[in-house]
Undergrad: 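Submitted below is the structure of interest, expressed as structure tokens.
Remember, it's 1-based here, ligands and their atoms both numbered in the order they're listed. As a basis for the values below, the full set of heavy atoms in this structure was taken, side chains included, without hydrogen atoms, waters or symmetry mates.
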Amino acid sequence: MSSTVTLPTTGGPALPQRRHLVTSLPGPRSQEIIDRKAAAVAAGVGHSVPIAAVAAGGGVVVDVDGNSLIDLGSGIAVTTVGNAHPGVVAAVQEQAARFTHTCFMISPYEQYVAVAEALNRLTPGGHAKKSALFNSGAEAVENAVKIARKATGRQAVVAFDHAYHGRTNLTMALTAKSMPYKSGFGPFASEVYRAPMSYPFRDGLSGADAAAKALSLIEKQIGAENLAAVIIEPIQGEGGFIVPADGFLPALADWCRENGVVFIADEVQTGFARTGAMFASELFGIVPDLITTAKGIAGGMPLAAVTGRAEIMDAAHTGGLGGTYGGNPLACAAALAAIDAFENDDLPARARAIGDVLLERLGALQAADPRIGDVRGRGAMVAAEFVDPATGAPDAALTAAVAKGCIAEGVIVLTCGTYGNVIRFLPPLSIGDDLLSEGLDVLAGVLARA
Ligand code: PLZ
């Protein structure tokens with residue numbers, strides 16, 4: 001296929017760091033691939049940015065037409081260390097040349113063990129921990145529930161309003177939102193119960209009051225003696241970047257400890273420096289019994305984990321946990337390189353610095369524009385919630401229009417929220433200050449015209 005643009009042959013930070021559109025989006029070559037997608041890929045697999053990517057790194061994603069877009073989404077919180085991070089690339093290349101697979105359940109290898117050791121060391125709490133590796137966040141959540149049930153001999157699991165835990169059968173049951181995640185895909189796994197989440201902007205409750213409400217429901221409708229686990233995202237991701245009120249999470253964790261219930265923090269989206277701490281649980285002073293991770297763990301390679309108290313993790317019998325690819329050596333090599341970057345480049349500090357910019361800029365927009373009802377988040381996980389200024393009702397149409405406008409001008413932003421009225425900002429931590437600022441300038445301009 002001929003081309004009039006020079007395509008980059010590598011991603012990584014070497015890529016020119018600029019917003020630069022040479023066509024309207026989608027450009028002709030992206031359109032061609034999108035047309036082929038429509039013909040060849042199941043309709044259920046959607047996409048929100050109308051480009052076909054060929055390279056990414058630093059703070060940009062480049063498409064097949066030569067357009068360079070500012071990345072404020074990190075492929076949904078995955079490329080936290082940066083896309084095609086040089087250390088990750090080198091580790092994967094080296095590992096690929098040695099061996100690509102043995103199946104850890106057949107012949108173990110050191111890389112998996114080293115990732116487990118790193119997770120045991122980095123996750124909150126000084127107690128003895130163990131880990132098991134999987135391929136996706138949903139798979140990690142499934143396994144955390146399996147382990148909690150085996151350890152407690154109980155079956156019920158509590159998840160929260162606005163929760164997102166995945167697209168497999170059990171994790172669909174745990175996920176709150178029907179469209180698009182669940183509608184028509186039932187019946188769902190049983191023994192899953194839903195409790196009210198602390199959502200300060202909408203419930204106005206203190207953390208203690210919100211926890212009392214949730215715990216009363218749990219005690220009356222389920223009973224602690226039947227409850228294996230409570231699972232919660234310390235800051236909810238897909239549900240709207242909802243930060244619970246202070247005291248909510250500690251009250252839940254304390255109640256779980258007193259009642260022999262396994263407290264699972266789903267840090268698939270919040271983990272690995274995203275929120276300005278290595279794990280968001282640290283921000284709220286909680287020490288989960290089990291913690292699920294994925295996304296940012298391996299710089300874009302598919303890897304997920306359950307990490308937690310050794311005695312709980314060891315409750316599952318030998319052979320009870322696993323999977324063909326879980327802890328694949330390429331993914332583990334990538335994770336070790338990414339973890340090295342998280343620790344040695346102090347990426348939590350970079351996330352906090354990005355968070356300061358996001359909160360300040362979005363706060364200023366909010367002060368001047370009553371359509372922004374709330375700005376919230378921690379570190380490089382910040383969102384703006386759009387409302388009808390008169391009623392406070394969610395404004396999904398405005399949200400969609402603003403997101404679409406930003407993308408058309410070359411800034412990748414993602415929406416989220418039960419009501420579809422939240423724009424979330426979760427840039428790669430490798431983004432430069434100039435690009436971050438330019439992305440927010442574009443947002444301000446689009447919003448002013450919307
Ligand atoms: N738990 C907290 O955020 C994935 C899903 C995007 P997988 N979130 C992005 C989509 O529309 O599919 C997620 C999460 C939390 C679990 C998961 C699931 O992780 O790796 O997508 O299975």
Undergrad: Starting from atom 6 (C) of ligand 1, which protein heavy atom do you reach first, and at what distance in Å?
TA: I76 CD1, 3.7 Å
Undergrad: Which is it for E238 and ligand 1 at heavy atoms under 4.0 Å: side chain, backbone, both or neither?
TA: side chain
Undergrad: Describe, in one word, how the ring planes of Y112 and F104 are oriented to each other, choosing from parallel (under 30°), tilted (30 to 60°) and perpendicular (over 60°).
TA: parallel
Undergrad: Might you point out which heavy atoms bring F279 and G271 nearest each other, and give the distance in Å?
TA: CD2-CA, 3.9 Å
Undergrad: Is E409 atom CD crowded by more than 12 heavy atoms from other residues, nucleotides or ligands, each under 6.0 Å away?
TA: yes
Undergrad: Please identify which atoms of ligand 1 are closer than 4.0 Å to at least one heavy atom of G137.
TA: 7 (P), 18 (C), 19 (O), 20 (O), 22 (O)
Undergrad: Decide whether a cation-pi geometry holds between K182 and F188; the criteria are a distance under 6.0 Å from NZ or CZ to the six-membered ring centre and an angle within 45° of the ring axis.
TA: yes
Undergrad: Applying the side chain to side chain donor-acceptor pair (under 3.5 Å) test to S30, which of D65, N67, D35 qualifies?
TA: D65
Undergrad: Considering the heavy atoms of E233, write down every atom of ligand 1 situated less than 4.0 Å from one of them.
TA: 2 (C)
Undergrad: Under 4.0 Å from atom 21 (O) of ligand 1, can you find at least one protein heavy atom?
TA: no
Undergrad: Minimum distance, heavy atoms only, to atom 17 (C) of ligand 1: which one of F134, Y164, Y181 is it?
TA: Y164
Undergrad: Please identify which atoms of ligand 1 are closer than 4.0 Å to at least one heavy atom of Q269.
TA: 3 (O), 8 (N)
Undergrad: In the protein, which heavy atom is nearest to atom 16 (C) of ligand 1, and how far is it?
TA: H165 O, 3.4 Å
Undergrad: What is the closest protein heavy atom to atom 10 (C) of ligand 1, and at what distance does it sit?
TA: R167 NH2, 3.3 Å
Undergrad: Under 6.0 Å between the ring centres of F99 and Y109?
TA: yes
Undergrad: Considering only heavy atoms of A138, which atoms of ligand 1 have at least one such atom less than 4.0 Å away?
TA: 7 (P), 18 (C), 19 (O), 22 (O)
Undergrad: How close does the nearest protein non-hydrogen atom get to atom 1 (N) of ligand 1, and which residue and atom is it?
TA: D266 OD2, 2.7 Å
Undergrad: Only one of V141, N143, V192 clears side chain to side chain contact (heavy atoms under 4.5 Å, CB included) with L170; which?
TA: V192
Undergrad: To which protein heavy atom is atom 9 (C) of ligand 1 closest, and what is the distance rounded to 0.1 Å?
TA: K295 NZ, 3.0 Å
Undergrad: Check this for me, if you would: do E32 and K37 make a salt bridge, where the nitrogen-to-carboxylate-oxygen distance has to be below 4.0 angstrom?
TA: no
